[in-house]
Chemist: 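Let me begin by handing over the structure; questions about it come next.
Lettering of chains follows the sequences in order, A, B, ..., and the numbering in each one begins at 1.
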Protein chains: 2
Amino acid sequence: MNTKPETTIHDIARELDVSASTVSRALKNNPLISEKTREKIKQVAIEMGYRPNVVASNLRTRRTNTLGVIVPLINRHFFSSVISGVEEVAYKAGFAVTISQSNDDFQKESQIAQALFASRVDGVILSASMETITSQHLNLFTDRNIPLVFFDRVLDDVAANKIVVDDFRGGLLATRHLIEQGCRHIAHIGGPLNLAIYRDRLNGYLKALSQAGLQPLPEGVLHNRLTRSDGDEAIRQLMKLPQLPDAIFCANDTTALSVIIYLRQQKIRIPEDVALVGFSNEPFSEVVSPALSTIKQPGYEMGLKAAELIIRQINGELSANDFTTYVMPTELIIRESSLHQGVVIA
Amino acid sequence: MNTKPETTIHDIARELDVSASTVSRALKNNPLISEKTREKIKQVAIEMGYRPNVVASNLRTRRTNTLGVIVPLINRHFFSSVISGVEEVAYKAGFAVTISQSNDDFQKESQIAQALFASRVDGVILSASMETITSQHLNLFTDRNIPLVFFDRVLDDVAANKIVVDDFRGGLLATRHLIEQGCRHIAHIGGPLNLAIYRDRLNGYLKALSQAGLQPLPEGVLHNRLTRSDGDEAIRQLMKLPQLPDAIFCANDTTALSVIIYLRQQKIRIPEDVALVGFSNEPFSEVVSPALSTIKQPGYEMGLKAAELIIRQINGELSANDFTTYVMPTELIIRESSLHQGVVIA
DNA sequence: TTGTAGGCGTTATCAA
DNA sequence: TTGATAACGCCTACAA
């Protein structure tokens, strides 16, 4: 299919009557090569339309300059923001980025891990699927000291650098805010408890309640996979409880959106009848009506940090046994969905 | 750094006292190998923790089973949806997906092309940057018959398979709808005219007007890069015109959102004073207030199609000289932002 | 049905 | 400062 074969360093070498090694070194700006020959080689390389074959180089150097990224779903603003940040840093550092999505399916996550290992990526950045409860599929990397960086949905039992926001504090602030707005019957739509972030958000919620001498709403703490339809089911369930909620803290914006849409349709007023806080600050949160209060999660910056960390690990600039969990700054953004009229915010 | 060296097919061969080629063949399910030895080899491969080295295989076969994807911005719902679709199909077909973002910068787009070529991707899926007016940076691929598939922001002068929506018809439907709502002074916020999609959307707009015997709003047809701030500038400019617009057709939802926010703030009513139609059906369009009328663009499906096409091209299942432009179905979604009360839709 | 030999394009080592 | 050689791990004619 390919017309002319690619020019290789051997072709250049032959042309100039030098050895392939000299060409290789010259093109890599190896200082051993004299300036004169280096210039000449580069010149001829351009004339001959030489294009380095990274694959061959990768095989030889056992380095691919490629980062693998596994996310649950590419097409989700938070995750695509993280990817965008990763790409930004990776590109500048000369790394390619290979993206895969687990679709929140543990099987697929495992298979992706296998594939990334087979293609010898230099490092992996990962946010676990909703189903992930074990980390054995990642031993492939940890056993061989291939750097692994987690973000957002981190796994407790893997020793690695991790990047999260303060989920506990997020849950605490969100719930405390609802309490300050006068709410007393606060429900929670949460994620699977195998993931630390959802445990933390739940615990923040519980803590805020207990600090205020309140109880969680009986039967009002639900856990699901936080999709749009999960949110829809959840709100229908909550609105059947003997004690109706006067507020809901949702563990993501997606479910909060389902709630808004359902309540709007039922002519239940937000925030007067039910106040609402989400989590993540997806772009729609700002413009939905009523605008959704939420916890800001700096996805792009998390991506920048993840890429920076993994590249430093790959370059051996970071201790291989000494891991840190980086907690990114977060913020409660108060909008209409939780702002009771007449209530003054301290 | 790496502790134990990886097991190779040679290790397995030595273990079983067969040749490496036999191992290679067995692992590839080559029918020449007897079932018995194949089973034994696979067995031992697992026991020894063998992991194929794709890099070596790639070098030998001159195939990487990798698709390169270049988009303007990963973190944009339409593009991340396309990527998601690409990944879905690619994964099932055994391809990895390498993603890069041009940030709408032509320089970066060129450099990415170089890098993708250097890493010998088997095919490239591309949506051009706002700045891209020439296609020479893609000769790298076209000269060597490396498949190239364009989507959305396609370049006219490249012979390749392309996937678009009917942008002309989108512009036509959007504008005609505004006319049917009684609007007569319709402005347009469009994209750079070097890109066919924005020319087509503009032409659709013009056609609808002329069919109705109307003129474009004087000074009311603007072109910019369609960011949030571009939209903001544009609406400010439009609201200073001697003849104010009573409707605006925006070439994307992002600028339409800027318009909504600005008008809301100025207490200008939508759609009573200014009706609005966007393009793309970003997720926020449905929930913003007022909900934004828009042209639906099936990003995920476009990604599926792009991946399918390029993989078929890679596998030689498609003629290499015979290219098609696939026009995906699109649809006008009418929401509050353009729905004048009392007006009945035909 | 299996083995042998050579090469994919680059780089590391050693020698000159 | 440069060259010769071998090797990275796999695959594929060709031979047996």
Chemist: Please list residues of residues 29-53 of chain A whose heavy atoms come under 4.0 Å from any atom in DNA chain C, ordered by number; otherwise none.
Modeler: A:Tyr50, A:Pro52, A:Asn53

Chemist: Going by the angle between their ring planes, with limits at 30° and 60°, are A:Phe106 and A:His137 parallel, tilted or perpendicular?
Modeler: perpendicular

Chemist: Hey, are A:Asn53 and A:Glu6 close enough side-chain-wise for a donor-acceptor pair under 3.5 Å?
Modeler: no

Chemist: Quickly work out the B:Lys28 NZ to D:dT12 P distance and round it to whole Å.
Modeler: 8 Å

Chemist: Rounded to the nearest 0.5 Å, what's the gap from OG on B:Ser135 to CG on B:Leu148? Could you check?
Modeler: 9.0 Å

Chemist: Please work out which residues in residues 16-25 of chain A have a non-hydrogen atom less than 4.0 Å from an atom of DNA chain D and list them by number.
Modeler: A:Asp17, A:Val18, A:Ser19, A:Ser21, A:Thr22, A:Arg25

Chemist: Using distance alone, with no hydrogens and no angle criterion, decide if A:Glu47 and A:Gln43 have a side-chain donor and acceptor under 3.5 Å apart.
Modeler: yes

Chemist: What distance do B:Ile9 atom CD1 and B:Ser24 atom OG have between them, rounded to the nearest 0.5 Å?
Modeler: 5.0 Å

Chemist: So is B:Arg153 actually on top of B:Phe151's ring, under 6.0 Å and inside 45° of the axis?
Modeler: no

Chemist: CG of B:Leu59 versus P of D:dC8: gap in Å, rounded?
Modeler: 13 Å

Chemist: Taking the side chain from A:Asn75 and the backbone from B:Ser80, do they hold a donor-acceptor pair closer than 3.5 Å?
Modeler: no

Chemist: Between A:Asp105 and A:Gln107, is there a donor-acceptor pair closer than 3.5 Å when you use the side chain of the first and the backbone of the second?
Modeler: yes

Chemist: Need two values: the first and the last nucleotide of DNA chain C, 5' to 3', having an atom under 4.0 Å from any heavy-atom of chain A.
Modeler: C:dG9 to C:dT13

Chemist: Could A:Arg144 and A:Phe141 be counted as a cation-pi pair, given that NZ or CZ must be under 6.0 Å from the ring centre and within 45° of the axis?
Modeler: no

Chemist: Kindly determine whether B:Asn58 and A:Asn58 satisfy side chain to side chain contact (heavy atoms under 4.5 Å, CB included), including the steps that lead there.
Modeler: CA-CA 10 Å; B:Asn58 288 347; A:Asn58 288 346; over 6 Å; no

